[in-house]
Amino acid sequence: MRARGGVTCARRRDQRCKLAPVALRLFDTKTRQVRDFQPLEPGKVSLYYCGATVQGRPHVGHVRSAVAFDILIRWLEASGYDVLSVRNVTDIDDKILEKSAASYAEDFEPSADYPAQEPWFALAYRFEQAFHAAYDALGVRRPRYEPRATGHITEMHQLIQRLIDAGHAYPAVDGSGDVYFDVRSWPSYGELTHQRVDDMQDAPDADPRGKRDPRDFALWKGHKDGDPETASWDSPWGRGRPGWHLECSAMSTKYLGSTFDIHGGGLDLRFPHHENELAQSAAAGDGFARFWLHNGMVTYEGEKMSKSVGNTISPEEMLEQARPKAVRYFLGQAHYRSQLDYKPGALQEAEAAVERIETFLQRADDGMSRFGWTRYPEAFAEAMNDDLNVPAALAVLHESVRAGNTALDSGDAEVARERAWEVSCMMEVLGLTDVPEPDLVSGPAEQALGQLVATLLRERAAARADRDFSRADAVRDQLVAAGVVIEDTPQGARWSLSRAASASQAKEN
RNA sequence: GGUGGGGUGGCCGAGUGGUGAGGCAGCGGCCUGCAAAGCCGUAUACGCGGGUUCGAUUCCCGUCCCCACCUCCA
């Protein structure tokens, strides 16, 4: 089979793909340009992106970020790269300690193990699992490594020491045990977000503590009275715990080396988090990230979704409204750097679009497995290579669906199968093929349902043959009312369970 | 005060100096006993005011509005 007008990767699906040089271009926050992406090491991409601070349940904003980077990784892999991906878990943090201490963590149920108060590490782990559940539910693949902050105290100490030795960090003069990064000692500070220290707004609650400059930030936070002993580690500067920014610098370079290809995260992490990471690592002598990628925020009717505003929507709430695949489609459909606005009804639109694609794949599903290679329309590859222009890529996908449907209508099964295979390949890159879908029915129930429906369909077919359409329609109405959708095809009636109906039923229950 | 992003048809959402992506919804047609699915066709657009240009939604200037970051935040 020769590919016409397509980018073909002549490999078996399980083999490494060697492609023509990929002309991937990515927008880099630091240079504010779309730049040609060439990895440090040919054929390999090292990627670090910020995961969650596990102080609460995930909302769709968190998942959107994960979906964006999942698509990036999938496209890099589809382009033939071996991607070494790392995503951190921040499992020690002010808020985690606060929530634990106050025992007001959402969803906390007292138990025999933790009757009165949930220890901070138990709380963190519980929410880490909640994040995993959300990612899994939407087909976000796990990164190669997923390090936790508390497991890398040694690496953080080493980094602090290097910064002190280089004159860019200092122990607090007030004896608090804090260690700060000296912003004024690093002239490049602000280079990621193009800000000058002197232009920055004074923090409203600027408490200089032992700082030389109010913008200096903590690398190490000294133990305070009331902090749990389990949340403090010995260090050359006294007992304490790591600062948030430090952990990412320490962990990214541990797993990816002192210079790596891509550092990602949400737009809201640019400052101060990523700015501080960059300052620390660069001041310590690391090359650090070559590209900085930031995904846009999810808004709810125009306003940023966040815990503090209280306008969050959880993945679970979305999954009550639509199938996982539709939720994933919704979260991935806008360009990753764009703001993605959620409003009621948005998921139904996504559901309809996914339905259209899947209906085509079902219609064309006949012997597709014989296509052993992966193939994308050239326009799809161009769109993806253009800073992951997923909206444009989806337009290509839908064009393939249309072309395939047209082929089916004209009886050209061969072309239809080719289009269907292309569509499948594109769906895979977008992560839409391995979103887990709940089994609507299986096993004995499936068999029983199949027989019952088949019986009714035979009855309907007989009625239609007798041209007794009122009887035929009555049968169909019965099935529809029960959530079974009927389509008449040249090969006879085809039935399927109404997914939308099952989703709304799940909500009622 | 500083730094960015954006305002596209009923909705979502790409893009471009000149033949109006794509999806959802609507309308008309084909197909169907009727539907469903599918296909074909179709209307409605680039916040506002100037400027450059043969021609701007696309470039420039001004202006209004929205959003994000400068504090924990994907």
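Throughout, protein chains are lettered first and strands after them, A, B, ... in sequence-line order, and every chain is numbered starting at 1.
At the heavy-atom level, A:Asn405 lies under 4.0 Å from the strands shown only through sugar-phosphate atoms. In this structure, A:Gly302 reaches the sugar-phosphate backbone alone: every heavy-atom distance under 4.0 Å involves primed, P, OP1 or OP2 atoms, never a base. Using a 4.0 Å heavy-atom distance criterion, A:Val390 is classed as making no nucleic acid contact. Here A:Ala346 lies out of heavy-atom contact (under 4.0 Å) with every strand. Residue A:Asp93 is classed as having no contact, given no heavy-atom separation below 4.0 Å to the nucleic acid. Contact annotation for A:Gly61: base contact, defined as any heavy-atom pair under 4.0 Å involving a base atom.
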Task: Bracket string, RNA chain B, 5' to 3' - pairs by Watson-Crick or G-U geometry under 3.5 Å, | interstrand - done: (((((((..(((.....[...))).(((((.......)))))....(((((..]....))))))))))))....
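Rounded to whole Å, the separation between the P atoms of B:U53 and B:A43 comes to 33 Å. Straight-line distance between the P atoms of B:G17 and B:G13: roughly 23 Å, to the nearest whole Å. Rounded to whole Å, the P atom of B:G50 lies 15 Å from the corresponding atom of B:G55. Rounded to whole Å, the C1' atom of B:G22 lies 14 Å from the corresponding atom of B:U8.
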Task: Sequence-aligned protein contact record of nucleotides 2-15 of chain B, with B where the base is within under 4.0 Å of a protein heavy atom and S where only the sugar-phosphate is - done: BSS------BSSSS
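At the phosphate of B:A74, neither OP1 nor OP2 sits under 4.0 Å from any side-chain N or O atom of A:Lys304. Close to B:G22, at under 4.0 Å from its OP1 or OP2, lies no side-chain N or O of A:His398.
Scanning atom types as modelled, one donor and one acceptor separated by under 3.5 angstrom connect the side chain of A:Arg476 and the base of B:C34. A:Asp268 contributes no side-chain N or O that forms a donor-acceptor pair with the base of B:C70 under 3.5 Å. At a cut-off of 3.5 angstrom, the base of B:A37 holds no donor-acceptor pair with the side chain of A:Arg494.
Taking atom CZ on A:Arg363 and atom P on B:A36, their separation rounds to 14 Å, with Å as the unit. Summarising the geometry, the separation between CG on A:Leu97 and C1' on B:C72 is reported as 13 Å, rounded to the nearest angstrom. B:C24 atom P lies 12 Å from atom CG of A:Leu397, rounded to whole Å. One can place CD1 of A:Ile486 at 14 Å from P of B:A36, the figure rounded to the nearest angstrom. The nearest whole Å value for the distance from the CD atom in A:Gln491 to the C1' atom in B:A37 is 13 Å.
Residue order along RNA chain B, read from the 5' end via each residue's closest nucleotide, puts A:Gln348 first among A:Gln348 and A:Asp473. Both A:Cys50 and A:Thr489 sit near RNA chain B, but only A:Thr489 has its closest nucleotide nearer the 5' end.
Residues from residues 464-471 of chain A placing a heavy atom under 4.0 Å of any atom in RNA chain B, listed by number, are A:Arg464, A:Arg467, A:Phe469.
A salt bridge links A:Asp488 with A:Arg460: at least one charged nitrogen is closer than 4.0 Å to a carboxylate oxygen.
Classified by interplanar angle (parallel below 30°, tilted 30° to 60°, perpendicular above 60°), the ring pair A:Phe271/A:Tyr189 is perpendicular.
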